[in-house]
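Please read these numbers as outputs of a predicted model, since none were measured by experiment.
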Amino acid sequence: MIELEDISYSYGKGPDLLSGVSLSLSPGGFYFLTGPSGAGKSTFLKLCYGELIAPKGTVSLFGRDVRDMTRDDIARLRRRIGVVHQDCQFVDHLSVTENIAMPITAAGQDPGAATRDIKELLAWIGLSAKADALPPHLSGGERQRVALARAVIMSPDVIIADEPTGNVDWEMSLRLMRLLTELNRMGKTIVLATHDLTLIRTMKQQVSARVLRIKDSRVALAGADL
Amino acid sequence: MIELEDISYSYGKGPDLLSGVSLSLSPGGFYFLTGPSGAGKSTFLKLCYGELIAPKGTVSLFGRDVRDMTRDDIARLRRRIGVVHQDCQFVDHLSVTENIAMPITAAGQDPGAATRDIKELLAWIGLSAKADALPPHLSGGERQRVALARAVIMSPDVIIADEPTGNVDWEMSLRLMRLLTELNRMGKTIVLATHDLTLIRTMKQQVSARVLRIKDSRVALAGADL
Amino acid sequence: MKVTRFGIFTVLIGDRRADRVVPPSRGMARLTEFSAAAMAFLAVFAIALSSATGRLADRWASELARTATIRISAPPGQVEEQTRRVLEVLATTPGVGSARALTAEEQRALLEPWFGPDLPIAALPVPQLVEVVETGAGFDSDGLQLRLRGEAPGAILDDHTRWRRPLVQAADRLRWLGFFVMGLISLTTGAIITLAAQAAMAANEKVIRTLRLVGARDVFIARAFVRRFTVRTFLGACIGTGLGVGVMSLLPPGDADQGFLTGFGFSGTDWLLPLLVPPLAAAVAFWSTRIAALRRLKGLT
Amino acid sequence: MKVTRFGIFTVLIGDRRADRVVPPSRGMARLTEFSAAAMAFLAVFAIALSSATGRLADRWASELARTATIRISAPPGQVEEQTRRVLEVLATTPGVGSARALTAEEQRALLEPWFGPDLPIAALPVPQLVEVVETGAGFDSDGLQLRLRGEAPGAILDDHTRWRRPLVQAADRLRWLGFFVMGLISLTTGAIITLAAQAAMAANEKVIRTLRLVGARDVFIARAFVRRFTVRTFLGACIGTGLGVGVMSLLPPGDADQGFLTGFGFSGTDWLLPLLVPPLAAAVAFWSTRIAALRRLKGLT
Ligand SMILES: Nc1ncnc2c1ncn2[C@@H]1O[C@H](COP(=O)(O)OP(=O)(O)OP(=O)(O)O)[C@@H](O)[C@H]1O
Ligand SMILES: Nc1ncnc2c1ncn2[C@@H]1O[C@H](COP(=O)(O)OP(=O)(O)OP(=O)(O)O)[C@@H](O)[C@H]1O
Ligand SMILES: [Mg+2]
Ligand SMILES: [Mg+2]
């Protein structure tokens, strides 16, 4: 599904943030990504959905090398990967509902057909009352929830979420996790960056999640030492 | 220091987010503010530094009613209150150092005199290497740390921080907390919104912090039930 | 890096869904519309200027220029003989298109303002006048004068072309000035729209990033921006052209006989020229926005 | 809501620290500079147009217009008597400024093109010409014609003013057109700069919010923006004016005798007029940005 082979990455002339990373994320897996702030979690995720392209090594998404893809190929690829960006990017002048429907619109499909799905999602994340609100009028946690809803609306094969629970309370975090585990049971691959070890420990009891840890520019599977 | 008397607040024609809130934050106090996502934590904090002005009730800052203040008065007031906004607002084309020095520049003083303070702060928050980086090139957690540094650089009487640890790892959270407790010992008033109950519990063992909880549009002191 | 082609047709038909993703920025919208309107308004005036000047230059070129007069003053008996010889000389002079002696009636008409209609022209020593029409190349007036002096001592060349030529040149120059101003206005419009489009793309980088993040293709994003700017420019240009034509039609109509200045404005089919302004402005906007949009998009992943 | 005054002086002196907080947006900067330059360039042409037309209108007004000719054709013995009576009539006609009979030499000079220099003018029935200069109000030419017919049957009024007046009017009209275009250009510049300033303020709302958050006063924020825009407009206008003057000076110099068209351009102290363009543009930018900035700031806390 997502294969990295001997990837090294650095911004500009800075030191290597990641170096010699080889990794294969298998379909249907549930992966946590952790590591200290500034270790390169977001960078790693951006490599996984083609926002960044590594100069050294190869990243293959769904079996294709990203460097061989045209811009349109990458656009089409993103429709199979739902992303929650750490900064929750929205189109600020469109309503919450329209933002959640944005992947459908961007794919050239009719968002009207998804109205019911969006309503159900909004109910689950506790934002039914905010369906017509504009993103800048949401609280920090509400924005993260909307971003997650947008990432899953097309039920993509892969869901990549960067700190999706940094601004929500514990109960809501668990609710969002339940949504993701549900999708994982349906066969979706989940990659989730978080610094919240309590959350990871709690989740490990519920799904067979693997934990990747970024340390010293390497990505390694964490064992029982978590 | 910060006194709220019978405050009610709602955005536009929405339901009252806060109603009948009377509260007095005393100088030198360390306050945690908690509550579920969307409860109104950020709104409450914005009332406390005059970004929002309540139509009903009075907010007195340093003994003056905010509604009697001119725009320039409010600007001067903000120099006595260091704020970490939940969205960590920066001037994106200025370096980290210049952003941290921004309150000094805005006050019309020479930021050159604070160079050493800024260096020490950067070292404490682990960002010495990022002194000349631009804010959009920082990771989420790095931005939050810079925002906190900017809030404390003028050593203001009050420090208001909205989820300053949402994107940093546990070790860094504790480091940031140590900075705030240090300032609190120097007599500064600290108000800190967070949804991280573990953090609150840990901190309560170190400082005599009071915990305010927003629930059903009321703000109440939480007791041992935390 | 190839982008599916989209033409001006797709742009005008539009796609409601794609459109909505571009923020309805009031500031930029007004800036674009206003610049387009102002430029269209000025363009209408520039067109009027060069069209009026064109007419003037044509008229002067055909009526005024290229004629000279030869005056033959001689004792009564010799006038006819000298006239014949002058005409002979002119027939062999390079640069002379045609030449003819004025009739008595024509001479009387010319002199009427001075002597009234009752002048006994036959009784007067009125010189015979010969009208010479130049070819395009013109003749060498000093050489002709010398040859005339030899053949017909009473003949004097009065070369109108000497003072008329600068007027025709000047009219031509003014026409070019009109074209120049029109070109300048087109360039300015193009540049302002381009810069506004670039500024809008820069201001909307967040929207563009978000759209790329959720899988929108470049063509989807660019089309929305291009359509917005093309339509706004077209509307602005229509308003400006309408105002310009309105103001022009309020100017008192020019009387063709009174020359250039009172004839400022459009005449006849010239009124159709301003209709070209809005489509041209829209085309400029289409291309400049399209290039700006696609260039900007290439910088993002 | 009061804001400490800051003048154009402070703006030009500048404050490095305040300046740095405004992002150096390339798009907006170029847009502002380019519009200012283009508008200044056009303004130079408009000034040249109205200045040239002004000169023309003045010359025509003084030289051509306001003169009429009275031609007195009478049997030799009666000419002097009738001339005297015509002058008497003119002396009492309202609207006539002055009148005088032409001397024999002047008449000979007028007729020379027709008859050559050797005309025995005394021997001919050449009519006596009287030159009449109108006052500003002008005279009633039909009434004068009637009165002349009674007093001097051989007198015929040739009223040049009838066909010259429209020319003067037209020149005046063209001068007003020049002023109008200049006004239009100023308004357009003001509007484009205002809109660009508003768009820039809107695009920089995040910077403004951040500055307010850390305790910056309105005057600090506004000054930075105002300075940026004023300086850019001034620079742009200087470039545009320089180019415009350069192009004008490349045009072949006009010969004053050849009338309006060849005389397009500046003459004498008119060359100083374009110097006013950059400061005026800067003033427009200063005020429009200042108003836009302070209005926008009021909306934020
Ligand atoms: N666009 C950029 N240009 C230059 N440096 C960058 C850029 N983006 C990130 N960095 C740097 O790369 C490092 C890793 O950033 P990244 O965002 O991947 O960290 P992270 O693990 O997601 O951290 P956090 O938990 O704080 O979000 C940081 O030190 C950051 O400053
Ligand atoms: N500008 C606004 N206009 C309208 N509604 C708003 C605006 N800002 C916030 N709200 C609404 O007010 C409520 C409280 O927002 P607030 O940001 O205070 O919550 P919060 O407690 O800080 O939540 P979080 O923990 O998610 O940051 C939310 O439901 C939000 O949608
Ligand atoms: Mg990150
Ligand atoms: Mg909040």
Side-chain angles (χ1 to χ4, degrees), chain A residues 11-12 14-15 17 34-46 85-88 125-130 132-146 162-173 175-176 193-202 213-215, chain B residues 11-12 14-15 17 34-46 84-88 125-127 129-130 132-146 162-173 175-176 193-202 213-215:
Chain A
Y11 289 99
L17 206 57
T34 189
S37 167
K41 298 186 291 296
S42 301
T43 306
F44 178 86
L45 294 182
K46 284 175 186 172
H85 203 274
Q86 195 169 9
D87 301 329
C88 314
I125 61 178
L127 290 180
S128 295
K130 300 284 173 185
D132 299 321
L134 297 179
H137 294 171
L138 295 179
S139 82
E142 287 168 346
R143 269 199 289 276
Q144 285 188 324
R145 290 180 259 165
V146 173
D162 197 352
E163 307 269 19
T165 59
N167 279 309
V168 296
D169 47 286
W170 181 247
E171 284 75 31
M172 184 51 71
S173 296
R175 243 180 126 75
L176 297 182
T194 183
H195 61 84
D196 191 343
L197 299 183
T198 319
L199 184 73
I200 298 179
R201 285 188 205 112
T202 311
R213 183 186 280 153
I214 303 194
K215 214 179 167 186
Chain B
Y11 289 100
L17 206 57
T34 189
S37 168
K41 297 186 291 297
S42 300
T43 306
F44 177 85
L45 293 183
K46 283 175 186 172
V84 178
H85 203 274
Q86 195 169 8
D87 300 329
C88 313
I125 61 178
L127 291 180
K130 300 283 171 185
D132 298 321
L134 297 179
H137 294 171
L138 296 180
S139 81
E142 288 168 347
R143 269 199 289 277
Q144 285 188 325
R145 291 180 258 164
V146 173
D162 196 353
E163 307 270 18
T165 59
N167 280 309
V168 295
D169 49 285
W170 181 247
E171 284 74 31
M172 185 51 71
S173 296
R175 242 181 128 73
L176 298 181
T194 184
H195 61 81
D196 191 343
L197 299 184
T198 319
L199 186 73
I200 298 180
R201 285 188 205 111
T202 311
R213 183 187 278 155
I214 303 194
K215 215 180 168 185

Report task. Name the option with the most non-hydrogen atom pairs under 4.5 Å to chain A; the candidates are B:Arg145, B:Met172, B:Glu171, B:His137. Result ->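 Option with the top pair count is B:Arg145.
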Query raised in the report: For chain A, which of B:Val168, B:Thr165, B:Asp196, B:Thr198 has the most heavy-atom pairs under 4.5 Å?
Result: B:Val168
Query raised in the report: Quick one: what part of B:Thr194 sits under 4.5 Å from any heavy atom of chain A, side chain, backbone, both or neither?
Result: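 Contact with chain A involves no heavy atom of B:Thr194 at all.
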Report task. Tell me, out of A:Gly126, A:Gly140, A:Ser173, who's got the most heavy-atom pairs with chain B below 4.5 Å. Result ->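 The residue among A:Gly126, A:Gly140, A:Ser173 with the greatest pair count is A:Gly140.
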Report task. Identify which of A:Gly38, A:Ser42, A:Ala129, A:Ala39 forms the greatest number of heavy-atom pairs closer than 4.5 Å to chain B. Result -> A:Gly38
Is the backbone of [Y] close enough, under 3.5 Å, to the side chain of [X] for a donor and an acceptor to pair up by distance?
| X | Y | result |
| --- | --- | --- |
| B:Lys130 | B:Pro135 | no |
| A:Lys41 | A:Gly35 | yes |
| B:Gln144 | B:Glu163 | yes |

Requested in this report: Would you mind listing every salt bridge (charged side-chain N to carboxylate O under 4.0 Å, His left out) that reaches into residues 133-144 of chain A, with sequence neighbours excluded?
Outcome: A:Arg143-B:Asp87
Query raised in the report: For A:Thr43, which residues count as a side-chain hydrogen bond (donor to acceptor under 3.5 Å, both in side chains) partner, sequence neighbours excluded?
Result: A:Tyr11
